[in-house]
Amino acid sequence: MGDGASGRVTARRALLSVSDKSGLVELARALSERGCELISTGGTARTIAAAGLEVTPIERVTGFPEIMDGRVKTLHPKVHGGLLYRRDVPEHADQAAELGIRGIDLVCVNLYPFEQTIEREGVTHAEAVEQIDIGGPSMVRSAAKNHASVAVLTDPAQYASVIEELNAHDCGTTLRTREKLAAAAFARTAQYDAAIASYMAGAVLDEDEAALPDRLTLRFERAETLRYGENPHQRAAVYHGGPSTGPSVLRAEQIAGKALSYNNLNDAAAALELAIALGSGNRVGAVVVKHTNPCGASAVGGSVRQAVELALAGDPLAAYGGILAVSGRVDLEAAETLCAESSFLEVVLAPGFDGDAAKMLSERWKNLRLLALGELKPVSGAARSVRVLPGGALVQDADNAVPDPSSWTHAAGPAPDDELLTDASALVSVVRALSSNAVCLGGRPEGTGGVMLYGAGAGQMDRVASCRLAVEKAGERAKGAIVASDAFFPFDDGPRVLIEAGVRAIVHPGGSRRDGDTFSVCEQAGVTCLTTGVRHFRH
């Protein structure tokens, strides 16, 4: 029954079939108390009946029992006819009456928990397949298509506002509400099918086919609306979902500080990626990031305090107001270092914080965001990078190649020892995290047992400018430093700038037609030159 003037439709019959029973009884009671007949299936019907509400089992509507362990129960003309027939078309109404099909005015369905099932450790393929819902999405789509006459609910979060509307309109819903619910329903079935498609691709395709499939399906769900984006005039939100194979700032527990901004999250993700890379093996990695570029970084075999101290000392001016990520748990000693009078940070993220350390940091800066990540498990599987452009997207493997000094070529100068190769490897990880064109200088301060970033040049239109900026930032520390470049040197002008500053080793991918010029100036100056064969552009 509908009100043509307002588009309001009274719910006389409702079909409820849910996996998640949250809020079910409250919704069912709100409908039942206003004279709406409740139709339901299996466990949903039992839950409603247990609450003392009258409910009609689905088999009484269809005249056919639920069969095949519930695989077939709602796929029936008396269900889909009741959802799909147009109330404003006399021929539809006549056919429905002739066939004994009664209208269904409200549908509440949330789907089998496929997404939760495939995230369970040790789940089998057979278990995953059994959680692919068929009848649920069919009912959702039927109801959403006919939203002119049918309200469709797909999420317990919708129940409260719909109950409020039922109360206000004598068990009726407005057209505007049904339109919004229909849009959410189609988004939900699209997300659900994307999850299934992604899982099936991973299960049946080989690694190359799965990395770049013919059709790319991504699924994200809005988790939070942010105050604004990179700038105040840009709207922004946080979405959860998509492939996830490692620690994430979006899933971290915020234990202190004010709300995170778009820029905080973006920078924190960049800091975390590099901190994990530097913290491999028995080392502790610490990284300070500004505008997604590391301005301080260290990898030490000692304490978290020492790693933090070296990272902050790399470029104290740039580190002010930055974001710090560490690969080890923050203890009181590390907190004391962070609380130095000259320091100021926006975010600190770590696997965890000792209680006294968190207290000290929160008392030092009441707005400082502290993010606890939990165990930093290594990234598994082939990660994918997606960049949306007008009209489509660019997709590639993530650049997570681990530096391998054993594969490098000694091209000029003195032969490297193991310590130089270890430190150069860490600096290659740092330069990989910088915006191209990128050059960074670093070394091992005496008595530290670890490597730190002295200076970096990033995001420049020519590599010579990056060399000059890195040398300027490093200052006197450039003498005896190790250099890492994200790509080859097209001419020997950049290497000359570095050599004049006193560096002792240059590591770059090689591959330029003029590599020989670079090798020659390094040989003449007694500077070690190593080529990695792996470029690390980051745009």
Side-chain angles (χ1 to χ4, degrees), residues 1-18 27-28 30-32 34-41 44-45 54-68 71-111 133-154 158 162 165-166 168-190 192-193:
M1 184 182 297
D3 180 342
S6 66
R8 191 167 68 233
V9 171
T10 302
R12 297 305 183 202
R13 297 179 86 219
L15 195 161
L16 296 81
S17 180
V18 296
L27 176 64
L31 290 162
S32 182
R34 285 155 186 78
C36 181
E37 178 189 354
L38 304 181
I39 305 164
S40 192
T41 62
T44 306
E54 188 175 343
V55 59
T56 301
I58 192 69
E59 55 264 32
R60 252 191 245 166
V61 174
T62 63
F64 207 88
E66 296 186 23
I67 61 172
M68 301 173 184
R71 280 190 169 205
V72 180
K73 51 192 173 188
T74 59
L75 297 171
H76 195 280
K78 288 198 174 180
V79 173
H80 289 275
L83 294 173
L84 281 166
Y85 90 81
R86 289 182 55 180
R87 279 56 162 177
D88 60 334
V89 177
E91 292 82 3
H92 284 205
D94 291 343
Q95 278 189 326
E98 180 184 343
L99 297 170
I101 294 173
R102 296 174 58 200
I104 298 172
D105 311 303
L106 183 144
V107 170
C108 178
V109 172
N110 53 61
L111 309 177
D133 201 337
I134 302 301
S138 300
M139 288 189 293
V140 166
R141 291 178 64 83
S142 291
K145 177 174 181 174
N146 203 21
H147 62 267
S149 301
V150 184
V152 54
L153 288 75
T154 52
Q158 299 167 332
V162 170
E165 185 154 304
L166 293 171
H169 298 296
D170 191 23
C171 210
T173 57
T174 64
L175 177 59
R176 180 63 175 153
T177 293
R178 295 194 302 278
E179 288 173 337
K180 288 183 176 180
L181 291 172
F186 283 122
R188 175 62 186 128
T189 56
Y192 193 72
D193 285 340

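Only a predicted model underlies this, so the values are computations on that prediction, with no experimental measurement involved. Just so it is clear, the values below take in all heavy atoms, side chains as well, and ignore hydrogens, waters and symmetry mates.
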(request) Please name the pair of heavy atoms, one in L111 and one in G136, separated by the smallest distance, quoted to 0.1 Å. (result) CD2-C, 3.7 Å

(request) Using a 4.5 Å cut-off on heavy atoms from C-beta on, say whether the side chain of V150 contacts that of R178. (result) no

(message) To the nearest 0.5 Å, what is the distance between OG on S40 and CG on L16?
(response) 6.0 Å

(request) Kindly indicate whether the side chain of T10, heavy atoms from C-beta on, has any atom under 4.5 Å from the side chain of D105. (result) no

(request) Give a yes or no on whether the backbone of V18 and the side-chain of T44 come within a donor-acceptor separation of less than 3.5 Å. (result) yes

(request) Would you check if L15 and V61 make a side-chain contact, meaning some heavy-atom pair closer than 4.5 Å? (result) no

(message) To the nearest 0.5 Å, what is the distance between OG1 on T154 and CE on M139?
(response) 12.5 Å

(message) Suppose we screen for salt bridge (Lys or Arg N to Asp or Glu O under 4.0 Å). Which residues come up paired with R34, at least two apart in sequence or across chains?
(response) none

(message) On a heavy-atom basis, which atom in H169 and which in T174 lie closest, and how many Å separate them?
(response) NE2-CG2, 3.8 Å

(message) If you compare all heavy atoms of Q158 against all heavy atoms of V152, which two are closest, and at what distance to 0.1 Å?
(response) OE1-O, 4.4 Å

(request) List the atom of V9, the atom of S149, and the distance in Å for their closest heavy-atom pair. (result) CG1-O, 3.4 Å

(request) Grab the two heavy atoms, one from V162 and one from L153, that are nearest each other, plus how far apart they are. (result) CG2-CD2, 3.9 Å

(request) State, to 0.1 Å, how close A151 and T173 come at their nearest heavy-atom pair, and which atoms those are. (result) CB-OG1, 4.0 Å

(request) Could you tell me the separation between the CD atom of E59 and the NE2 atom of H76, rounded to the nearest 0.5 Å? (result) 11.5 Å

(message) I need the I39 CD1 to K78 NZ distance, nearest 0.5 Å.
(response) 11.5 Å

(request) Could you pull out all residues at least two apart from E179 that satisfy side chain to side chain contact (heavy atoms under 4.5 Å, CB included)? (result) H147, L175, R176

(message) Is there a side-chain contact between L27 and C108 in this structure, where contact means two heavy atoms from C-beta onward sitting under 4.5 Å apart?
(response) yes

(message) Could you measure the distance from the CG atom of D193 to the CZ atom of R188? Nearest 0.5 Å is fine.
(response) 9.5 Å

(request) Establish, for the pair R87 and Y85, whether the NZ or CZ atom is under 6.0 angstrom from the six-membered ring centre and no further than 45 degrees off its axis. (result) yes

(request) Decide whether E54 and S32 meet the rule of one side-chain donor and one side-chain acceptor closer than 3.5 Å. (result) no

(request) Hey, could you give me the CG/CZ distance between L106 and R13, rounded to the nearest 0.5 Å? (result) 12.5 Å

